[in-house]
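In listed order, ligands and their atoms are each counted from 1. Side-chain atoms are counted along with the backbone in the values below, which use heavy atoms only and exclude waters and symmetry mates. Position 1 is the first residue of the sequence, and the numbers go up from there. This is a predicted model, so every value here is computed, not measured.
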Amino acid sequence: MQVILRQLGDCNIRRAGPSDLISVMEINLKTLPEHYSDYFYESLLAELPEAFIIAEIGGKHVGYIMCKTEFGFSNFKKLGFVKKGHVVSIAVVQEHRRKGIGNALVEESVNGVKLKKCDEFYLEVRCSNTDAVRLYEKMGFAIRQQLNAYYRDGEDAYLMAIELVQTNK
Ligand code: ACO
Ligand code: ZN
């Protein structure tokens, strides 16, 4: 079943299903230098479908976000051990950027990891990726650490994180 989460003009934001994974991999190949095995995409979808979200315009995939959950040390509290959502990857195809799609994907994934009772949400992003850093800052993520030579090509990453407040519905 396809759960439409919201519409942005002609763009549908919805949860991904198994038949979306090939298109997600294609967008990933076109837009980012970090790629993953088929199995990895399948396992993220199986583990956290609530935060594996796609954007679609007229039946064509234009963006995705995929995440996982982890237990680990808090990015905010000293010595705190928390449940964390982790954005593994997000991308919007070039022709449809700056229309709010990235923003909607992050917002919906925040809702997804809140459903799974995560206390925090975090990600790594290339220090040079100012578009993405701006998007995350706008959504309330803050740079918490700089990870030295995090990427295979030697570039540093910012670890950016946000504390999630559970809203009881
Ligand atoms: N210049 C300045 N600010 C920007 C830009 C830009 N090119 N792109 C996004 N922003 C900021 C702006 O504040 C923007 O709000 P505004 O348009 O109201 O000013 C805000 O982010 C939200 O922009 P959206 O339109 O929602 O974002 P978009 O749909 O363009 O997607 C994304 C942003 C996903 C970063 C896109 O540029 C992309 O796919 N880039 C290539 C892949 C990538 O770098 N992914 C992130 C890697 S890190 C990771 O995956 C964890
Ligand atoms: Zn990561």
Side chains of Glu107 and Asn103, donor plus acceptor under 3.5 Å: yes

CG on Leu105 to CD on Glu108, rounded to 0.5 Å: 8.5 Å

Under 3.5 Å: N/O of Thr31 near N/O of ligand 1: no

Separation of His86 NE2 from Ser109 OG (nearest 0.5 Å): 12.0 Å

Ile90-ligand 1 polar pair, N/O distance under 3.5 Å: yes

Atom 38 (C) of ligand 1: the protein heavy-atom neighbour that sits closest, reported with distance to 0.1 Å: Arg97 NE, 3.4 Å

Shortest protein contact, atom 25 (O) of ligand 1 (heavy atom only): Gly100 N, 2.8 Å

Parallel, tilted or perpendicular: rings of Phe71 and Phe81 (30°, 60°): parallel

Nearest neighbour in protein (non-hydrogen) for atom 17 (O) of ligand 1: Arg98 NE, 3.0 Å

N or O pair under 3.5 Å between Glu124 and ligand 1: no

Atoms of ligand 1, numbered as shown, that sit under 4.0 Å from any heavy atom of Ala91: 39 (O)

Asp20 bridged to Arg14 by N-O distance under 4.0 Å: yes

Nearest non-hydrogen protein atom, atom 2 (C) of ligand 1: Arg134 NH1, 2.5 Å

Atom 22 (C) of ligand 1: nearest protein contact (heavy atom, Å): Leu135 CD1, 3.4 Å

Heavy-atom gap Tyr136 to ligand 1 smaller than 4.0 Å: yes

Ligand-residue contact atoms, ligand 1 with Lys138, heavy atoms, under 4.0 Å: 13 (O), 14 (C), 15 (O), 16 (P), 18 (O), 19 (O), 20 (C)

Protein residue, atom and distance nearest to atom 39 (O) of ligand 1, heavy-atom basis: Val92 N, 2.7 Å

Atom pair CZ/CD of Arg144 and Glu120 - distance to nearest 0.5 Å: 8.5 Å

Nearest protein heavy atom with distance in Å, relative to atom 29 (O) of ligand 1: Gly102 N, 2.8 Å

Short N or O distance, Ala104 and ligand 1, threshold 3.5 Å exclusive: no

Closest approach of any protein heavy atom to atom 26 (O) of ligand 1, naming residue and atom: Asn103 N, 2.7 Å

Apex the Zn ion (ligand 2) - arms OE1 from Glu124 and NE2 from His86 - angle rounded to 10°: 120°

Residues Glu34 and Ser89: side-chain donor-acceptor under 3.5 angstrom: no

Interatomic distance, Ile90 atom CD1 to Met66 atom CE [nearest 0.5 angstrom]: 11.0 Å

Under-4.0 Å heavy-atom contact with ligand 1, by part of Leu105 that carries it: neither

Val62 reachable from Leu8 in the ILVMFWY side-chain graph, under 4.5 Å edges: yes

His96, any N or O under 3.5 Å of ligand 1 N or O: no

Separation between CZ of Arg15 and CD1 of Ile54, rounded to the nearest 0.5 Å: 12.5 Å

Residue Lys99 vicinity, atoms of ligand 1 by number, heavy atom under 4.0 Å: 25 (O)

Residue pair Tyr150 / Gln145, side-chain donor-acceptor N/O under 3.5 Å: no

Single-linkage hydrophobic cluster, 4.5 Å side-chain cutoff, Leu147 and Val125 together: no

OG1 on Thr69 to CD on Glu50, rounded to 0.5 Å: 9.0 Å

Sidechain-backbone polar pair: Asp156 side chain, Ala149 backbone, donor-acceptor under 3.5 Å: yes

Contact (N/O only, under 3.5 Å) between Leu123 and ligand 1: no

Contact atoms of ligand 1, heavy-atom distance to Asn129 under 4.0 Å: 43 (C), 44 (O), 46 (C), 47 (C)

Ligand 1 N/O within reach of Ser89 N/O, cut-off under 3.5 Å: no

Ligand 1 atoms in contact with Leu32 (distance to a heavy atom under 4.0 Å): 42 (C), 43 (C), 44 (O), 45 (N), 47 (C)

